[in-house]
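Every chain is numbered from 1, with letters handed out A, B, ... down the list of sequences.
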There are 2 protein chains.
Amino acid sequence: MESKELKNFIFQGDKVFLPHISVDCVIFGFHDNQLKVLLLKWKEGPWCLPGGFVKHDESVDDSAIRVLYERTGLKNIFLQQFHTFGHPMREKGKKTSDPKSWISKRFISVGYYALVEFSKVKPRPDILSTDCKWWDVHKVPSLIYDHKQIMNKALEAIRFDLNDHPVGYNLLPGKFTMPELQRLYETILDEKLDRRNFQKKILVLDFLVKLKERKIGGAHKAPFLYTFDKKKYAQALKQGVKSSW
Amino acid sequence: MESKELKNFIFQGDKVFLPHISVDCVIFGFHDNQLKVLLLKWKEGPWCLPGGFVKHDESVDDSAIRVLYERTGLKNIFLQQFHTFGHPMREKGKKTSDPKSWISKRFISVGYYALVEFSKVKPRPDILSTDCKWWDVHKVPSLIYDHKQIMNKALEAIRFDLNDHPVGYNLLPGKFTMPELQRLYETILDEKLDRRNFQKKILVLDFLVKLKERKIGGAHKAPFLYTFDKKKYAQALKQGVKSSW
DNA sequence: ATATTATTGTGTTAGTTATACACATTGAAA
DNA sequence: TTTCAATGTGTATAACTAACACAATAATAT
């Protein structure tokens with residue numbers, strides 16, 4: 001069906017893309033109090049991270065932005081480069097129809113993570129895949145190559161970044177409750193936090209705005225709604241919020 | 001003189017090295033209470049960071065290790081990958097003798113920093129350079145391409161890492177005094193610290209061993225000597241020393 | 001209607017850590 | 001022997017963290 005486009009990609013891709021360099025995106029979402037990660041199903045093969053290649057005149061960051069857009073339809077999302085994976089055997093077991101094709105060669109991959117709002121994503125498979133869907137971070141299937149390691153390194157990175165940087169702007173809806181934000185932190189950290197201390201800690205970081213409204217409709221006492229102060233959030237993201245020395 | 005080797009490198013390098021991918025090492029040393037960085041002088045051109053290319057069957061990490069070894073003679077040094085620089089114009093102004101050579105093409109560079117003991121280094125220029133020497137971090141000359149940005153990003157990374165990770169094992173001699181360690185921290189952070197609070201803070205991290213000996217010969221009261229507890233140091237390096245959530 | 005239950009809002013207290021200092025000690029130089 | 005500059009050690013206060021208590025409230029069960 002798409003064999004012409006696919007063949008063109010395999011045999012002519014090196015005219016468009018740099019050889020030996022790829023990007024992989026670990027795209028996190030948050031749903032049902034679970035951290036989700038977006039995966040693609042290789043044709044007749046295992047699952048993998050959404051990835052792509054770098055056009056000859058494109059920055060690596062822009063390639064990652066493009067991959068994120070093509071799989072989710074989302075733009076202007078905070079994408080964080082966290083590590084570059086460059087072991088020659090990282091793609092062990094790689095099989096391609098044509099071993100002479102540029103795509104069958106060794107690739108060094110630059111890893112990015114993104115945090116996106118689950119409900120806004122329309123997962124779209126790419127040319128090499130048949131399926132694209134969310135997986136619970138604790139239940140991801142076995143992944144191709146070193147993609148499980150890449151995902152784990154992304155998780156490590158985001159947990160680490162959480163110590164100094166705010167999180168949530170792209171993950172939560174515009175208005176959210178303190179318990180919802182706490183669930184997000186707990187899910188990322190995979191750890192239960194004290195409700196009262198969490199609120200104090202997050203409020204002194206000074207990027208939240210408490211609204212007069214409450215979230216109605218749920219069971220139990222109606223919690224207040226909050227939003228991010230966009231300016232202060234961006235500043236905290238850029239500068240970090242604390243240092244030790 | 002070495003023109004045969006050089007020509008071979010320029011015209012045959014793509015047989016040995018991957019195209020479009022390089023590594024750059026920001027090698028820090030500590031001397032005269034100043035943070036130093038090792039730079040190379042391009043032939044009839046500006047200064048630059050020590051860098052290199054990735055062999056077809058070599059890991060990117062190993063390329064960085066090789067570069068560090070070739071410029072300093074040092075092995076088994078902690079090398080930290082901190083960022084990958086992938087903007088298509090990062091090498092603006094690039095000039096090469098042959099524009100068709102693999103080396104004149106666009107390169108994406110993986111950045112590493114290392115912290116080494118100044119006195120153990122015998123700086124060695126590479127095939128493309130005439131000089132290799134230490135520069136005071138505050139007095140580096142103008143550098144080629146985006147190398148100044150790479151250096152600054154390395155400084156940023158090391159300052160950040162300092163919040164959770166120990167520093168000094170490769171930078172200081174085997175035995176050192178508390179004031180010497182403090183100077184190192186102050187130099188990296190570019191900030192003066194309180195002597196008494198520094199000592200308390202660094203000691204609770206629990207990777208230092210206080211010796212019975214004192215450093216004699218200097219003016220003023222003889223300070224005690226310390227060493228790193230190698231095991232605890234390595235553990236702190238790996239796991240980090242504190243987290244916020 | 002009223003009681004029940006789970007969840008939220010808002011504290012308080014004790015323990016720990018960080019910050020800002022003070023003072024005695026010591027080795028070399030004046 | 002005095003002076004000076006640096007080191008060794010300690011202390012008081014403020015700031016922060018961790019653990020915990022109790023009242024308020026919205027849906028549900030009775």
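- Rounded to a whole Å, the NZ atom of A:Lys215 is 17 Å from the C1' atom of C:dG9.
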Take A:His83 and A:Phe85 through the test ring-ring contact (aromatic ring centres under 6.0 Å, His included) and record every step on the way to the result. CA-CA 6 Å; A:His83 194 73; A:Phe85 300 85; 4.9 Å; yes

Test log, rule ring-ring contact (aromatic ring centres under 6.0 Å, His included), inputs B:Phe228 and B:Phe176: CA-CA 9 Å; B:Phe228 291 108; B:Phe176 52 89; 4.7 Å; yes

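- Using a 4.0 Å cutoff on non-hydrogen atoms, the parts of residues 216-223 of chain B near DNA chain C are B:Gly218, B:Ala219, B:His220, B:Lys221, B:Ala222, ordered by number.
- B:His31 is linked by a ring pair (Phe, Tyr, Trp, His ring centres under 6.0 Å) to B:Phe118, counting only residues two or more places apart in sequence or in another chain.
- Shown here are the salt bridge (Lys or Arg N to Asp or Glu O under 4.0 Å) partners of B:Arg183, two or more places apart in sequence or in another chain: B:Glu186.
- Applying the salt bridge (Lys or Arg N to Asp or Glu O under 4.0 Å) rule to A:Lys175 yields the partners A:Glu213; only residues at least two apart in sequence or on another chain are considered.
- Between the side chains of B:Asn163 and A:Ser243, no donor-acceptor pair of N or O atoms lies under 3.5 Å.
- Electrostatic pairing of B:Asp206 and B:Lys232 counts as a salt bridge here, judged by a charged N lying under 4.0 Å from a carboxylate O.
- Although no hydrogens or angles enter the test, the distance criterion places a donor-acceptor pair under 3.5 Å between the side chain of B:Glu180 and the main chain of B:Thr177.
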Once each nucleotide of nucleotides 9-15 of chain D is scored for protein heavy atoms under 4.0 Å, what B/S/- sequence comes out, 5' to 3'? BBB----

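- When the C1' atom of D:dC16 is taken as reference, atom CG of A:Leu203 falls 15 Å away, rounded to whole Å.
- Distance CD (B:Glu191) to C1' (C:dT19): 13 Å, rounded to an integer number of Å.
- In the helix from C:dA1-D:dT30 to C:dA30-D:dT1, the end axes, each obtained as the rotation axis mapping the C1' atoms of four pairs onto the next four within a five-pair block, lie 10° apart to the nearest 10 degrees.
- Taking atom CG on A:Leu225 and atom C1' on C:dG9, their separation rounds to 14 Å, with Å as the unit.
- Sorted by residue number, the list of members of residues 235-245 of chain A with any non-hydrogen atom under 4.0 Å from DNA chain D is empty.
- Note: NZ (B:Lys192) to P (C:dT19) measures 16 Å, nearest angstrom.
- By the ring pair (Phe, Tyr, Trp, His ring centres under 6.0 Å) test, A:Trp245 pairs with B:Tyr185, B:Phe198, sequence neighbours left out.
- Residue A:Phe198 contributes atom CZ, which lies 17 Å from atom P of D:dA19 at whole-angstrom precision.
- In the region residues 174-190 of chain A, proximity to DNA chain D at under 4.0 angstrom, judged on heavy atoms, holds for none of the residues.
- Defined by atom type and a distance below 3.5 Å, a donor-acceptor pair is present between the side-chain atoms of A:Asp190 and A:His138.
- Listed by chain and residue number, nothing satisfies the ring pair (Phe, Tyr, Trp, His ring centres under 6.0 Å) test with B:Phe82 (two or more places apart in sequence, or in another chain).
- Rounded to whole Å, the distance from CD on A:Glu213 to C1' on C:dT8 is 17 Å.
- Heavy-atom neighbours of B:Lys148 NZ from other residues, nucleotides or ligands within 6.0 Å: above the threshold of 12.
- Each of B:Leu181, B:Leu184, B:Leu237 was compared with B:Val167 under the side-chain contact (heavy atoms from CB on, under 4.5 Å) criterion, and only B:Leu184 meets it.
- Qualifying ring pair (Phe, Tyr, Trp, His ring centres under 6.0 Å) partners for B:Tyr113, counting only residues two or more places apart in sequence or in other chains: none.
- For residues 194-205 of chain A, the pairs satisfying salt bridge (charged side-chain N to carboxylate O under 4.0 Å, His left out) are A:Asp194-A:Arg196, with sequence neighbours left out.
- In this entry the distance linking CD1 of B:Ile202 with C1' of C:dT17 reads 16 Å, nearest Å.
- One finds a salt bridge joining A:Asp146 and A:Arg90 here, because a Lys/Arg side-chain nitrogen approaches an Asp/Glu carboxylate oxygen to under 4.0 Å.
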